[in-house]
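Just the heavy atoms: all of them, side chains too, but no hydrogens, waters or symmetry mates, feed the values below.
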Amino acid sequence: MRTFLLKRLPSALLVLLLASFAVFLILRLIPGDPATSLAGPDASPETVAAIRSQLGLDQPLFSQYAGWLGRLLSGDIGPSYAIGGQVADLIGDGLGATTQLTLGALLLVVLIALPLAVVGATTRSRPVAAVVQAVTTGVLAVPPFVTGVLLVLVFAVSLGLLPAGGHESLLREPDLAVQYLAMPAVCLALPSAAVLARYLKDGIERALAEDYVRTATALGVSRRRIVWRHALPNALPSAITVLGLQVGQLIAGAVLVERIFAWPGLGQLIEQGVIRRDYPVVQDLLLLVVAVYVTVQLLTDLAYTWLDPRIRWE
Amino acid sequence: MTTATLTLKSPRVRGRHLSGLLTWRGLTGLALVGAVALAGLLAPLLTDTDPNAQGPLALAGPSADHPFGTDDLGRDLYSRVLHGIGTDLTLILTAVPIGALLGCSAALLAATSRWADLAVQRAFDLLLAFPGLILGLAVTAVLGPGRWPVVIVIALAEIPGFGRQLRAGILVQREREYALAARVGGSSPARVLLRHVLPNAVDPLVVQTAVALSLGVFIEGAMSFLGLGVRPPEPTLGSILSQSVAYLTTDPAFAAAPLAATTALVLGFTLIAEALNRGIRR
Amino acid sequence: MTTVLHVTDLTVDFGSATAVDGVGFELAAGDTLGIVGESGSGKSTTALALLRMLPPGGRISAGSVRLAGQDLATLPEEALRALRGRRIAMVFQDPMSSLNPVLTIGRQLDEALRAHGTGLRKAQRHARAAELLDLVGIPDAAGRLRDHPHQFSGGQRQRIMIALALAHDAEVLVADEPTTALDPTVQQQILRLLTRINRETGTALVVISHDLGVITQTCRRLLVMRDGRVVERGATAEVLSNPQHPYTRELLAAVPRLDEPSRAAANSTPGEQPLLTVRGLGKTYGTRRRSVTALHGVDLDLHPGETLGLVGESGSGKSTLARALVGAHAPSAGSIRFRGQELGRRPRREVQLVFQDPYSSLNPRMTAGQIIAEPLIAHGLGDRERRAARVAELLGQVGLDPATAGRHPRAFSGGQRQRLGIARALAPEPSVLICDEPVSALDVSVQAQVIDLLARLQRELGLAILFIAHDLAVVRQVSHRIAVMHGGRIVETGPADRVVTAPEHPYTAELLAAVPRLEPALAGPADSARATALASNRSTA
């Protein structure tokens, strides 16, 4: 596994480096003078000059880039412009809520997808198979902004069971926090769960058609054991890869879901950053997303090698 | 016995796509997409109300004058939804082919040398590191909201999907013996790639196209929802839906038409993709 | 002897097609029965139907399979499961895909043991798993339980398959093409193992194979199947010496015999000057730290009008050699000269390749005509019209109707596809044809036709042929000379008849000894130590 990590780590770091450069360039690609557009139309020349020197816009491109990375690594992230306050504090405020939302959704993805896939792949009843098929196709087809609207309509407006939006700390009021979390997490999880369920179902179906399943059947192994102990372990590695990619979709989807449910997380922050042109906030958050994504990819690759002995031993 | 099964497994390729489409799944998908697309295309004929004209009746329910009711500014929702479909389809049908073309070109480039392959793979990784909406935020941060940012975001987001799919196909097909046979027969590397390997590797791309179209509707909707899409007052499905959210408690009917159109479009593309996929795998 | 398995009028349908049509036989305890037939004869379907494990779409529409007083054809699924692996077990063809790649061998044996709750505890099952592995001849059995299938060789994997099937001392063991994917020497070991198990445990054996030699080595009685029916049955020796049905006679005539002298000399006389001269050819794959050497200084001469047979087992380097000769990869050392001139990396019109697999070597998107014309276009030979004429001529030359040029490969049978492959190789008028296992994917009757075609082409065109195969009997029949390859080296070269009758290298002798003969010779000396070990296992388990 160490050799694998050694092989995989450089390319992950390369992607991270390239992405950081791309994120850095975003600020320089804005038409016109970034400092002026950052400061806003009413800013005094002194403010513009201060921003310019703070960003090091008078220095060569590469040293600007290095300076930005250096500040990030040393923890001195700097102030935001339009939103106000230190970027580090803003991120700190939203991080907990977003982590809660995405991890909750991730858990739901697995909890929804696994039984759906297993039932869908193994059932002999046509109606059950049709229902699983309809659920995975139907849910996959509905974007989170549609499910979000529908969920609010049903559970908040019609039934009044759950709050339409808002957030509560899991530590302070766990009961209430779960109520607030339920709809956003379900809304975020559903499309990814549908994708994962379809892949996993395909994987199990393919594994069940393999010769080794025929061997197990010929040995008199029960159907249940064949599914869980023989077919599923073969379907898991590629499902893990899909799950890794879906983490990216969860992070992206969080932006939308936080907006729908007024969830005070990083998604709201980055959206505000883009709309109010607060570039330092946008830049640092984009880099954070990319870093998380690259790390998750590395972890899924590791999980893959751990689950598939053929790669582990090579 | 192997002979018999192998012969059965390779029916005509074009026929496989077609036979996939001619199932209830494929036909339902085609019908859904067809109906919505037709409504969008024929919008100027189906209604002569200006989608952006504001009227005195705000948030009215369905009536003879306004089949879907009106929005918060008193605009006719029937006209807005029909024109919104038109805008959506124009954006997606511009962006997806561009993304497909770029992705496939990159995959072909990757097939030329090991270094090109490494470079292309890292480029795909880089694009994937900005998942969907995040890419949308990054691009809009530079360009501001508008039509072109939406097209660019959808195109960029489709590149790795098409590219990786084709690259994987080429890698598999290139190792097949018929490709070696072509090389031994004297065909140049370019001819082996374009004449022999490529036609055998494009099958999954047909499915990918249907998936990409539904992803396009997704991204457009999400960007409009966040106010990063096409500038108002021009209607898109996402922007109408986003407007309606504020009035869900009081006027749920507002959301009905854009919800239905978006769902029908995405569901239709998904069903088509699934039908094609089953056709190929059969 | 008591009958353990009684099959009557077994009929299997796939939709409206009948794959197995009224097959019946009896199997006594400890007996051995072979089922032989070509592709599509229904022999494998019969084997699967015995355990009612037909692929989707197939069903037993008539007849019965009686085992231990129960009819497997009609038994409920759960009762059937209780019999599978406990009273009737099966060994499948491909040991790579038939073992679960992500589970350890120990886990898979454990699964087999616990499938029929014999009340063994975990530690007991572990010990029994090690015993089973040891029984089938895996060295260091207990230590290897934690290994995964890919860490074993092909022959060892097949031994593990057999160990799985033996987990509950089944009365009947069905082996479907148990050695088809294996090299001759490994094949012989597996056949000996099956014979030993039959003799020592009294397990009745049903062996399904396309290879009459394999059946002859393992089975006292045999059935000959064709188009789903049994056309002939009887004691193996009897059927071989005195076949009754015309199809059996045909089949027997088509099987190449190792003791028949070469027919190459009667076909053509090789020229004096060598056409292709290979000296010190080496090929190393991989990185500098972890390199694999596939060829070690290979020397070879090929004369015009000559067929040089090249035999060797998988991994011996024969395919690597073939691909180096046609320029598919650059050798790491040595030279390849054609008429005394060094061949560079440019396409070699004079040296063409015929592939083993007639399915994967033809582009499914192209028509037969396009496939054959491809080398003509690549070498810039002729215009459109001349190429069309040449394609028609080539199709005629390999015995196909020129009118079939517009069809896709899938419209052709296996043998016809191999003819297409030969026509493609002949298109640029080469003087050397490299045939890499050209007949090993074909049925024996089709095999004979393709061999005749190659002989005729050599006679008419004066071709030099490098005929690569693992089947020594075929190679002797077609070759003037034979070269034997082992571990990337050519260990022996000589006139075909001499190499077969008086091998000089011990490896050649080993290869020859491994060829299954068509005379019933019931297995060689057995190791009786294992027999007693097994007997004690049976009493404890």
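Proximity to chain B (any heavy atom under 4.5 Å) is restricted, for Gln133(A), to the side chain, taken from C-beta onward. When heavy atoms are compared at a cutoff of 4.5 Å, Val15(A) approaches chain B by way of both its backbone and its side chain. At a 4.5 Å heavy-atom cutoff, the contact between Leu267(B) and chain A is made by backbone and side-chain atoms alike. Residue contact with chain A, scored on non-hydrogen atoms closer than 4.5 Å, involves the side chain of Leu228(B) exclusively. With a 4.5 Å cut-off on non-hydrogen atoms, Ile275(A) touches chain B through its side chain but not through its backbone. No part of Leu16(A) comes within reach of chain B, as not one of its non-hydrogen atoms sits under 4.5 angstrom from that chain.
Here the CG atom belonging to Leu126(B) is positioned 11.5 Å from the CZ atom belonging to Phe21(A), to the nearest 0.5 angstrom. A distance of 9.5 Å separates CG of Leu118(B) from CG of Leu14(A), quoted to the nearest 0.5 Å. Going from atom CG of Leu133(B) over to atom CD of Glu271(A) covers 8.5 Å, rounded to the nearest 0.5 Å. We find the OH-CD1 distance between Tyr293(A) and Ile134(B) to be 12.0 Å, quoted to the nearest 0.5 Å.
Counting non-hydrogen atoms of neighbouring residues, nucleotides and ligands closer than 6.0 angstrom, the OH atom of Tyr65(A) exceeds 12 such neighbours. The number of heavy atoms from other shown groups lying within 6.0 Å of CZ (Phe124(B)) is above 12.
The shortest non-hydrogen separation linking Arg122(B) to Ser11(A) is NH1-CB, 3.5 Å. When all heavy atoms are compared, the tightest approach of Ala252(A) to Pro131(B) is CB-O, 3.5 Å. Nearest heavy-atom pair across Thr262(B) and Pro143(A) is CG2-CG, 4.2 Å.
The only option from Leu256(A), Val146(A), Val255(A) that meets the side-chain contact (heavy atoms from CB on, under 4.5 Å) definition with Phe225(B) turns out to be Leu256(A).
Note: Phe218(B) leads Phe218(B), Phe269(B), Phe130(B) in heavy-atom pairs under 4.5 Å with chain A. Comparing Thr137(A), Val142(A), Val282(A), Val292(A) by heavy-atom pairs within less than 4.5 Å of chain B, the highest count is held by Thr137(A). For the set Ala255(B), Ser242(B), Gly221(B), Gly268(B), the entry with the most heavy-atom pairs within less than 4.5 Å of chain A is Gly221(B). Interface summary for chain A: among Thr263(B), Asp125(B), Leu137(B), the most heavy-atom pairs under 4.5 angstrom belong to Leu137(B). Of the listed residues Gly248(A), Ala291(A), Gly253(A), the one with more heavy-atom pairs under 4.5 angstrom with chain B than any other is Gly248(A).
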